[in-house]
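Lettering of chains follows the sequences in order, A, B, ..., and the numbering in each one begins at 1.
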Amino acid sequence: MSGSEERSADAGSSRHGLPELIAERRAKALRLKQTDAESFPYAYAGTEPIAGILDSYAHLDSGEETDDHHRVAGRILARRGAGRAAFLDLVDRTAKIQLHARVDVLGEESFERLTSLDVGDLIGVDGAPLRSRRGEISLRVDAFTVLAKALRPPPDKHGGLSDVQTRYRRRELDLMSDEDARRLFADRARIVSAVRAYLDGEGFLEVETPVLQPLYGGALARPFTTHHNALERTLYLRIATELYLKRLLVGGLERVYELGKDFRNEGVSSKHNPEFTMVEFYEAYADYNDEAARLEELVRRAGRAIGYSGELDLESPWRRVSFVAAIAEATGIDLSSVREEDALRQAIAERGLQVPTDGASWPQMADDLLSKFVEPTLTQPTFVLDYPVELSPFAREHRSQPGLVERWEAFAGGMEIANAFSELIDPDVQRERFAAQQRLAAEGEEEAQPYDELFLAALEQGMPPAGGVGVGIDRLVMLLTGRDSIREVVLFPAMRD
RNA sequence: GCCCCGUUAGCUCAUCUGGUAGAGCGCCGGACUUUUAAUCCGGUGGGGCGGGUUCGAGUCCCGCACGGGGCACCA
């Protein structure tokens, strides 16, 4: 990217284009190095957050000054000259404060050095709090140190950046020019922290399992493939953590979770990034009903952590609807009485529903009906329960309804945010499910689940009955912060080169 | 992979039918000791890339790149 900028720089013959701006700023930096030995230090100790100063001096009356001493550091956002005095806005990670520079305080030389700084430069300031005649808490600059020079101009000081391409590719510019962007990623951190705090508090052990896996598994998705040179073997970036975490239950850890990146080699969209953050948690002696209660509590706490006040009702028990009933409601098709592939194909055709039926299997069509006609309508948090077995190779058969498994997916804001099972623990049934997946793979299904003998061996050691959940963190953040694109909540989303 | 839309100055945006491309902010110089989108005076900067049509292309046509939205795929 910088390459093309350099090229256009060479071609340009302008006197005040970007290359000239950079050259001017570079010359200023050089001048500072030569004339001010204190500039560009390796560290700058003793600073305090700007927000704290604003709070502490909120009581000052307009025009009231102090002789207190405070040290802050940050980036210059704006500069307003007034001859023998000047005002600068300084921003740190907590807040913005106005600096009041006066030649009678700083002396000619120092004042000149300060006012010749550029918007975007980083400085440290020793100053005395005051409230200006116009009523703004400010800092009288008694001394300052130039900490770093910005060679490139910052985004527009009022409008900021609105070009989404630049915002995603150069997130640092987005962050430095937009307080909301900074707040969003602080909120994301609080949500992740709340998730961990909840699980830690319930006795779950945070673990780390392999990202590079000899066999991928635990979800139906295409993997990224890579190669280990010394081992001379193919490895896959994980698509899920499920199988390793269940082996830990066999080992007796009983309650475990992992929060980290999964990778799926599939399309990019406003709800899909090729690498995304997932938390999976598993607990022995629990079923999918117990896990539904856990998810409700987890989301409730995440919402509280950022003071959520949107449209979603996070406090009451969420709505629960069965897979079959949800589809019947939305399409009028009762899957429990349309069990045959041809019959379902005909029912879809009769109602003129736009889902592909040519060569599609019963479970594929059923899944399509859910994602096309049900999922987009699920705005308030909702559990859809009890899926066809063919869609869920790791879920345990339903205790009372043949052909179904004990699985739910949680939806909110029209998208899936979590998926859970009463875990399949019977090694022989699991082996049959793998065999069924193998048959699908033989028919050309690219997302079929490969056999995992080590996982089967673990189940043969005896796995306790258990419930497990996977929650998409990025989507949870979208939901709680009201963003409609995953790229907004991922710092550096996947983009073309 | 397919369809639609977009790409003009460092940033945000204009530019009717093809006829020398404008503004605000920024930047450079000057004035100003309480400004806060500071103000005032002067100056400065540009058509994504590659072809084509035309006397003449930011504008019309073709291709490419990147982005946005939708579809397909997918959680």
Side-chain angles (χ1 to χ4, degrees), chain A residues 1 4-5 7-9 12-25 27-28 62-63 65 77-89 96-106 111 115-116 118-120 130-138 140 150-169 173 177 219-222 239-240 262 264-274 276 278 354-356 367-368 370-372 375 391 409-411 415-419 446-447 470-472 474-475 484-487 493 495-497:
Chain A
M1 186 150 62
S4 66
E5 286 176 22
R7 272 196 300 281
S8 62
S13 57
S14 57
R15 283 163 48 213
H16 286 98
L18 181 59
E20 287 70 26
L21 295 185
I22 291 174
E24 278 159 8
R25 284 172 174 246
K28 283 185 181 178
S62 290
E65 304 202 12
L77 266 193
R79 200 183 52 189
R80 296 174 290 280
R84 309 288 285 164
F87 297 87
L88 301 95
D89 291 334
K96 179 181 80 175
I97 194 168
Q98 172 170 268
L99 304 177
H100 186 195
R102 296 204 300 245
V103 69
D104 58 353
V105 174
L106 286 166
F111 180 80
T115 53
S116 66
D118 292 305
V119 173
L130 60 95
R131 188 184 286 276
S132 71
R133 288 175 207 165
R134 298 291 184 89
E136 179 163 348
I137 301 282
S138 309
R140 186 192 70 220
L151 295 181
R152 291 177 181 269
D156 185 81
K157 68 180 174 184
H158 320 126
L161 266 184
S162 64
D163 180 59
V164 290
Q165 186 161 185
T166 308
R167 287 184 45 237
Y168 297 157
R169 288 183 192 277
L173 298 180
S177 64
L220 303 177
R222 289 158 68 180
I239 59 173
D262 288 344
R264 298 186 183 177
N265 204 341
E266 286 159 357
V268 175
S269 82
S270 60
K271 294 185 175 63
H272 300 84
N273 199 55
F276 62 102
M278 174 98 102
Q354 295 298 309
V355 295
D367 196 33
D368 279 349
L370 184 79
S371 52
K372 278 219 168 58
E375 180 169 340
L391 293 171
E409 291 186 301
F411 298 89
M415 63 184 171
E416 183 204 344
I417 58 165
N419 180 27
E446 289 189 79
E447 285 151 10
V471 186
D474 311 283
R475 290 181 176 185
D484 55 12
S485 170
I486 196 169
R487 293 181 205 106
M495 306 282 276
R496 279 179 213 272
D497 283 336

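- Comparing B:G67, B:U33, B:G10 against the side chain of A:V164 picks out B:G67 as the nearest.
- Contact of A:R84 with B:U33 (side chain to base): no donor-acceptor pair of N or O atoms is detected under 3.5 Å.
- Ion pairing between A:R102 and A:E65 holds under the 4.0 Å rule for side-chain N and carboxylate O.
- Between A:L88 and A:R79 there is a side-chain heavy-atom pair separated by less than 4.5 Å.
- B:U39 and B:A31 make up a base pair, with Watson-Crick or G-U wobble contacts both under 3.5 Å.
- Pair assignment for B:G58 gives none, since no Watson-Crick or G-U wobble pairing has each distance under 3.5 Å.
- Judged by Watson-Crick or G-U wobble contacts below 3.5 Å, the nucleotide B:G63 has B:C49 as its partner.
- Base contact: A:V103 has a heavy atom under 4.0 Å from a base atom.
- Distance A:R167 CZ to B:C11 P: 15 Å, rounded to the nearest Å.
- Counting non-hydrogen atoms under 4.0 angstrom, A:D484 reaches nothing in the nucleic acid.
- Computed from coordinates, the A:R152 CZ to B:C27 P distance equals 17 Å when rounded to whole Å.
- Closest to the side chain of A:S270, from the set B:U33, B:C27, B:G70, is B:G70.
- Using a cut-off of 4.0 Å between Lys/Arg side-chain N and Asp/Glu carboxylate O, A:R80 and A:D89 are scored as salt-bridged.
- Put simply, A:R134 has no side-chain N or O that comes within less than 4.0 Å of OP1 or OP2 on B:U34.
- Counting any heavy atom pair closer than 4.0 Å across all strands shown, A:R487 reaches sugar-phosphate atoms only and no base atom.
- Across all strands shown, A:M495 has heavy atoms under 4.0 Å from sugar-phosphate atoms exclusively, and none from any base.
- Each of A:D156 and A:E136 lies near RNA chain B, and the nucleotide nearest A:D156 is the one positioned closer to the 5' end.
- A:S162 contributes no side-chain N or O that forms a donor-acceptor pair with the base of B:U12 under 3.5 Å.
- Remark: A:N265 CG is packed, more than 12 non-hydrogen atoms of other residues, nucleotides or ligands lying under 6.0 Å away.
- Side-chain proximity of A:E65 to the nucleotides B:C28, B:C27, B:U34 is greatest for B:U34.
- A:K372 comes within 4.0 angstrom of the backbone, heavy atoms only, and of no base.
- With rounding to whole Å, A:H272 atom NE2 is found 15 Å from B:G70 atom C1'.
- Nearest to the side chain of A:Q98, among B:U12, B:U36, B:U34, sits B:U36.
- Checking B:G67, B:U35, B:U33 against every side-chain atom of A:R102, the shortest atom distance belongs to B:U33.
- B:G42 and B:A23 are spaced 13 Å apart, taking the P atom of each and rounding to whole Å.
- Across every non-hydrogen atom of A:M278 and A:G470, the tightest pair is SD-C, 4.1 Å.
- Looking at heavy-atom distances under 4.0 Å, A:Y168 makes contact with sugar-phosphate atoms alone, never a base.
- The environment of A:K96 atom NZ is sparse: at most 12 non-hydrogen atoms of other residues, nucleotides or ligands sit within 6.0 angstrom.
- The shortest distance between the side-chain N/O atoms of A:R80 and the OP1/OP2 oxygens of B:A37 is not below 4.0 Å.
- When the P atom of B:U35 is taken as reference, atom CZ of A:R133 falls 8 Å away, rounded to whole Å.
- Under the 3.5 Å distance criterion, the side-chain polar atoms of A:R475 are matched with a main-chain donor or acceptor of A:E416.
- Within 4.0 Å of A:D163, counting heavy atoms only, lie sugar-phosphate atoms of the nucleic acid but no base atom.
- Pair assignment for B:G26 gives B:U44, based on Watson-Crick or G-U wobble hydrogen-bonding distances that are each under 3.5 Å.
- Nearest nucleotide to the A:S132 side chain, out of B:G68, B:U36, B:G70: B:U36.
- Closest contact between the side chain of A:L161 and the listed nucleotides B:U36, B:U12, B:U34 involves B:U12.
- Going from the P atom of B:U53 to that of B:C62 covers 15 Å, rounded to whole Å.
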